Amino acid sequence: KDVGVQDFMLVDSPGMIDSPASELSSHKNDRGYDFQNVVKWFAERADVVLLFFDPDKPGTTGETLSILLHSLGGMDHKLLIVLNKADQFKKIHDFARAYGSLCWNL
């Protein structure tokens, strides 16, 4: 069967590092909903989960690793990690540094 536009859905979520702090919340990373279970719900229904990292900020947080470990357990074959904007590097050294930092943090 040919995949048509009607068979394709892309969900772009807010960045995991960008977890909001609410004035009403006592927890800094509280989003007002169960983020880990929402990630799991989407992952269970998805064919592919793309995780984009910006080369200007290739580091990751403990939250990112925790969410991936708990939400994508048994579905790691769906996860593709993308170093976004890699074409913006002027020197191969800068690319290698960002790539190395990303790999180290994962």
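Just so you know, these numbers come straight off a predicted model, no measurement behind them.
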> In chain order, what residues pass the side-chain contact (heavy atoms from CB on, under 4.5 Å) check against D47, with sequence neighbours excluded?
Replying inline: none

> Could you state the interatomic distance from OG (S71) to CH2 (W41), rounded to the nearest 0.5 Å?
Replying inline: 13.5 Å

> Excluding sequence neighbours, so at least two apart, what forms side-chain contact (heavy atoms from CB on, under 4.5 Å) with D94?
Replying inline: F89, K91, R97

>> Holding to side chain to side chain donor-acceptor pair (under 3.5 Å), I want the full list of residues that pass it with D87, two or more places apart in sequence or in another chain.
In response: none

>> Please determine whether side-chain contact (heavy atoms from CB on, under 4.5 Å) holds for the pair L51 and V82, giving the CA-CA distance in whole Å, both sets of side-chain angles, and the decisive distance to 0.1 Å.
In response: CA-CA 6 Å; L51 179 63; V82 178; over 6 Å; no

> Considering residues at least two apart in sequence or located in another chain, which fulfil the side chain to side chain donor-acceptor pair (under 3.5 Å) criterion with D76?
Replying inline: none

> Taking only residues two or more places apart in sequence, or in another chain, which ones meet H77 in a side chain to side chain donor-acceptor pair (under 3.5 Å)?
Replying inline: none

> Which residues pass the side-chain contact (heavy atoms from CB on, under 4.5 Å) test with E44, sequence neighbours left out?
Replying inline: K40, M75

> Listed by chain and number, what are the side-chain contact (heavy atoms from CB on, under 4.5 Å) partners of L80, not counting sequence neighbours?
Replying inline: V48, L50

